[in-house]
Asker: 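What follows is a structure written as structure tokens; I'll ask about it next.
One is the number of the first residue; the rest follow in order along the sequence.
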Amino acid sequence: DLQESPPAWSRRLYPARADRPHLPVGRPRRPAHVALELRAVGLYRPLSGHEMMRTRGVQCRPWVWSGQKGPDMKNHRVVVSRHGGTGVLKVVEEDLPEPGAGEARVKVSAAGVSAYDLMHRRSGRLPGTPKVPFTLGLDVVGSVDKTGPGVSAVEVGDRVAAGPLEDFGGYTEFICIPAGDLVPVPDGVDAAEAVCVVVDYLTADVMLHEGAGVKRGERVLIQGAAGGVGTALIELGRLDDLEMYGTASRDNHEFVSALGATPIDYQNEDFVERVRELTGDGVDVAFDPIGGARQLWRSYQALRKGGRLV
């Protein structure tokens, strides 16, 4: 699919909707307002040619790193100086990182933004949060700028993607990554669109085929079906001919339906009762990225006998 022209590829990510013309084809990962936070600290510039989008009442565009050239080039990255609001994001200047053996230095064109970035920034209580100061960002798309000793899989100038990054760090201009963790990005695919695929679709693929071990034709419930991982689960689930049901707010029902799942209004319906009504005896698998004791228990109740909760 990535070999196709960007318009056709991105329309399958996010089909255009006549009732919401302000939303672009090929949306960036939500919450997009984090991009505004990073613009405020001076590392982002708007991509030309992108439509304005509105997410949670905030108008913004996708953003990419500002370029710089010259022999005395420095690296700039955004760090979380302490946990808190947008004011804790700071820009630091440092020497360019040098790739070690088996590594490639990537000049970042676009970095993914996710809800986890918000949670890690706001509080240190989320498991896996690094100690401050640290740099957010789980996935990047860019071009190989320099290679370390022993690297033959990629060459300088190659367009690549990587993620999830083991130690975060994507909100930067240059980053060194093991060359074996890089995958090619076809020419003509926009970097801001490509980065939306990396973590979301990899996560969804692992949930479907390693976590749940889905079988063709099974019924599944997807909580948060209109989110990044939720939409990836639906699109990949279609390839396995899954019978899919997804919880979403009513505003997102047309979108969820267009992707291939039956929407359930979790705000105004009891999703367990609705699943039972639609299926008779429940679903084979429930995917619940929301969590919390009560939420997980409710998802468990939507399962048929022998079902799996992921």
Side-chain angles (χ1 to χ4, degrees), residues 27-44 53-60 62-63 65 76-94 108 110-140 162-173 175 195-196 198-204 206-207 211 222-233 247-249 252 266-267 286-300 309-310:
R27 64 176 178 178
R29 182 177 304 117
R30 292 186 285 179
H33 61 272
V34 176
L36 294 181
E37 299 177 10
L38 297 179
R39 183 190 186 189
V41 296
L43 278 185
Y44 280 113
M53 71 167 290
R54 184 178 292 112
T55 298
R56 298 180 183 174
V58 178
Q59 290 187 342
C60 63
W63 301 91
W65 300 118
H76 298 85
R77 61 186 173 93
V78 177
V79 301
V80 177
S81 59
R82 64 185 186 280
H83 295 293
T86 58
V88 306
L89 296 175
K90 307 294 181 183
V91 177
V92 297
E93 182 179 88
E94 60 194 7
V108 177
V113 177
S114 73
Y116 284 108
D117 292 324
L118 282 177
M119 290 186 281
H120 285 303
R121 188 206 72 205
R122 289 172 176 166
S123 171
R125 294 191 296 271
L126 186 70
T129 301
K131 292 182 179 180
V132 294
F134 63 92
T135 296
L136 294 166
L138 280 172
D139 43 6
V140 297
L165 302 174
E166 185 175 354
D167 298 314
F168 300 91
Y171 293 6
T172 186
E173 290 180 306
I175 184 172
V195 80
C196 295
V198 182
V199 168
D200 284 348
Y201 282 74
L202 179 60
T203 300
V206 170
M207 291 173 73
I222 299 168
Q223 301 281 20
V229 174
T231 56
L233 283 167
T247 59
S249 61
N252 287 314
Y266 72 93
Q267 294 174 320
F287 296 103
D288 192 334
I290 299 171
R294 186 178 186 278
Q295 171 72 17
L296 293 175
W297 173 244
R298 297 286 289 154
S299 292
Y300 179 79
L309 172 62
V310 178

Asker: Rounded at 0.5 Å granularity, tell me how far CZ in F168 sits from CD1 in I175.
Answerer: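 The CD1 atom of I175 is 11.5 Å from CZ of F168, to the nearest 0.5 Å.
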Asker: Between V199 and Y116, is there a side-chain heavy-atom distance shorter than 4.5 Å?
Answerer: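 No, too far: nothing below the 4.5 Å cut-off.
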Asker: In chain order, what residues pass the side chain to side chain donor-acceptor pair (under 3.5 Å) check against T247, with sequence neighbours excluded?
Answerer: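 Side chain to side chain donor-acceptor pair (under 3.5 Å) check on T247 returns Q223.
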Asker: For D288 and G291, work out which heavy atoms get closest and say how close.
Answerer: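 Smallest heavy-atom distance, with atoms named: OD1-N, 3.2 Å.
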Asker: Within the distance-only criterion (no hydrogens, no angle test), does the side chain of Q267 pair as donor or acceptor with the backbone N or O of S249 below 3.5 angstrom?
Answerer: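 Side chain of Q267 to backbone of S249: no pair is present.
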Asker: So with a 6.0 Å cut-off around CD of E166, is the heavy-atom count from everything else above 12?
Answerer: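 No, not enclosed.
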Asker: From K90 NZ over to R82 CZ, what is the distance, rounded to the nearest 0.5 angstrom?
Answerer: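 The CZ atom of R82 is 6.0 Å from NZ of K90, to the nearest 0.5 Å.
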Asker: Evaluate the side-chain proximity of R77 to V79: yes if any heavy-atom separation is below 4.5 Å, no if none is.
Answerer: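 The answer is yes; the side chains approach within 4.5 Å.
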Asker: When rounded to the nearest 0.5 angstrom, what distance separates CG in L138 from CG in D200?
Answerer: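 So the gap between those two atoms works out to 10.0 Å.
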Asker: Return the minimal non-hydrogen interatomic distance between S299 and A286, and the atom names on each side.
Answerer: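 Of all heavy-atom pairs spanning S299 and A286, the closest is O-CB, 3.9 Å.
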Asker: Holding to side chain to side chain contact (heavy atoms under 4.5 Å, CB included), I want the full list of residues that pass it with F134, two or more places apart in sequence or in another chain.
Answerer: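 Checked F134 against side chain to side chain contact (heavy atoms under 4.5 Å, CB included); matches are V80, H83, H120, T129, P130, V132, L136.
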Asker: Once you round to the nearest 0.5 Å, how far does CG of L165 lie from OG1 of T172?
Answerer: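 Those atoms lie 10.5 Å apart.
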Asker: Look only at the side chain of S81 and the backbone of V88, and say whether a donor-acceptor pair between them is shorter than 3.5 Å.
Answerer: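 Yes.
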Asker: What residues form a side chain to side chain donor-acceptor pair (under 3.5 Å) with T203, not counting sequence neighbours?
Answerer: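 T203: no side chain to side chain donor-acceptor pair (under 3.5 Å) contacts found.
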Asker: Roughly how far apart are Y171 OH and L89 CG, rounded to 0.5 Å?
Answerer: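 Between atom OH of Y171 and atom CG of L89 there are 8.0 Å.
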